Number of protein chains: 2
Amino acid sequence: MTDSPWLDAGQQRVWLAWIRLQLRMTYEINRQLQADSALSMADYDVLAGLSASAAGRLPISALANHLGWERSRVSHHVKRMATRGLVAMAAAETDRRVTEVTLTDHGLGVLRSAAPGHAALVKNLFFGDLPGAELPALADSLERVYAHVLKNGTLPPPPG
Amino acid sequence: MTDSPWLDAGQQRVWLAWIRLQLRMTYEINRQLQADSALSMADYDVLAGLSASAAGRLPISALANHLGWERSRVSHHVKRMATRGLVAMAAAETDRRVTEVTLTDHGLGVLRSAAPGHAALVKNLFFGDLPGAELPALADSLERVYAHVLKNGTLPPPPG
DNA sequence: GAGCTATACATGACATGTCACGCAAAACGA
DNA sequence: TCGTTTTGCGTGACATGTCATGTATAGCTC
């Protein structure tokens, strides 16, 4: 039995591919969003997160949890987005400690105009050469790993 | 070519799992490296990149290309690492424009002490619940996507 | 209801990443 | 050989992310 911390050959192959792909995809997505919609990936994630919520409005903590960010990061970032008119911030009625972040009409408009290009990039760049037959197995593996990370990681799990 | 830019159901499932997993893994790795070795993931990548090269020494451009970073980012980052004694910088003999980054003994020592913990985290967190039988298919898919991204992306491909 | 603790954020200092620009060495062309 | 272009980096200004800490509100205990 090997208590060795090192990865075996099969794991190394997966890990190397994972790291490389992750780096490239992040770069390409950021680049495209910036060029086409003047949004960073972080901006997009916030807008998408808010639009996915019932009222287009979420407390900072809920948003942080949903995105897997630290709260102070959300706080800073959302504040900057507010100066650009993409979101608005207001104290909640029921609990005065809570700051609710709201998607503005402008923010929603920007998101709607950015979404098709973003989706197209993902579809072409990530899925462009991936046979549909491989999708279920890939999703299974990724979901399995994700579940394990949630269970054993240090960050609190998201709502779902 | 499909007309709609939107992802189909199978693609959406993969993409959601991908995004979530990527966020969590980045967070956990950064956290562990910081706590155990006072290194950021970026620091670790630079050290690992240098140690993988023949002489533990690379020009900034080569390092940038290898890591998939922009050159100025490497320039800034390496400069900071130099003040911590992890690497050293010097003009190349043959081409005076080129700055070569060298792994110092201290840097190598830090890398060697950090590597087992890092590998263990990856092994436990990412591969802990992933059956060995799924590895080849997963690697195949990731490598396939990676190759397609390299071919169709905007960033120049790495040496290999 | 008077403290005590916990929660939800905001903030400032600082580390890091990006972008536009500039410089100097090398390569090239007339 | 002299001027032009290309290449490889460094730099400053600024955007972004993290950490430690501060503040106000809510909940809890007696």
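Everything numeric in this text was worked out from a predicted model, so none of it was measured. We name chains A, B, ... by the order of the sequence lines, and we start the count at 1 in each one.
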Would you say Ser75(A) reaches dA10(C)'s phosphate, i.e. side-chain N/O to OP1/OP2 under 4.0 Å?
yes

For dC9(C) and Lys79(A) - does any side-chain N or O of the residue sit under 4.0 Å from the phosphate oxygens OP1/OP2?
no

Does Arg31(B) have any salt bridge (charged side-chain N to carboxylate O under 4.0 Å, His left out) partners at least two apart in sequence or in another chain, and if so, which?
none

Salt bridge (charged side-chain N to carboxylate O under 4.0 Å, His left out) filter on Asp140(A), not counting sequence neighbours, yields Arg13(B)

I need the minimum non-hydrogen distance between Gln11(B) and Asp8(B), along with the two atoms involved.
N-OD1, 2.8 Å

Minimum heavy-atom distance Pro136(B)-Ala133(B), with the two atoms named:
CD-O, 3.5 Å

Listed in order of residue number, which residues of residues 87-100 of chain A have a non-hydrogen atom at under 4.0 Å from DNA chain D?
Thr94(A), Asp95(A), Arg96(A), Arg97(A)

Does any residue of residues 34-48 of chain B have a heavy atom under 4.0 Å from DNA chain D, and if so, which ones, in number order?
none

Scan His77(A) against the nucleic acid and name what it touches under 4.0 Å (heavy atoms): base, sugar-phosphate only, or nothing.
sugar-phosphate

Do the side chains of Lys151(B) and Asp129(A) get close enough for a salt bridge, i.e. N-O under 4.0 angstrom?
no

Mind checking whether [X] and [Y] have side chains closer than 4.5 Å, heavy atoms only?
{"X": "Leu125(A)", "Y": "Arg24(A)", "value": "no"}
{"X": "His76(B)", "Y": "Arg80(B)", "value": "yes"}
{"X": "Leu7(A)", "Y": "Val122(B)", "value": "yes"}

What is the distance, rounded to the nearest whole Å, between atom [atom1] of [X] and atom [atom2] of [N]?
{"X": "Arg73(B)", "N": "dA20(C)", "atom1": "CZ", "atom2": "C1'", "value": "18 Å"}
{"X": "Ile60(A)", "N": "dT11(C)", "atom1": "CD1", "atom2": "C1'", "value": "12 Å"}
{"X": "Glu70(A)", "N": "dA10(C)", "atom1": "CD", "atom2": "P", "value": "15 Å"}

Looking at Val46(A), Leu50(A), Thr102(A), which one forms a side-chain contact (heavy atoms from CB on, under 4.5 Å) with Leu58(A)?
Leu50(A)

Atom CG of Leu138(B) and atom CG of Leu130(B): how far apart are they, to the nearest 0.5 Å?
6.0 Å

Do the ring planes of Trp18(A) and Trp18(B) sit parallel (below 30°), tilted (30 to 60°) or perpendicular (above 60°)?
tilted

Taking the inter-plane angle between the rings of Phe126(A) and Trp15(B) on a 0 to 90° scale, is it parallel (under 30°), tilted (30 to 60°) or perpendicular (over 60°)?
perpendicular

Axis bend over the full length of the helix from dG1(C)-dC30(D) to dA30(C)-dT1(D), computed from five pairs that close each end, to 10 degrees:
10°

Check whether Glu28(B) reaches the backbone of Met25(B) with its side chain - one donor and one acceptor, N or O, closer than 3.5 Å.
no

For a 4.0 angstrom threshold against heavy atoms of chain B, report the outermost contacting nucleotides of DNA chain D in 5' to 3' order.
dT7(D) to dG12(D)

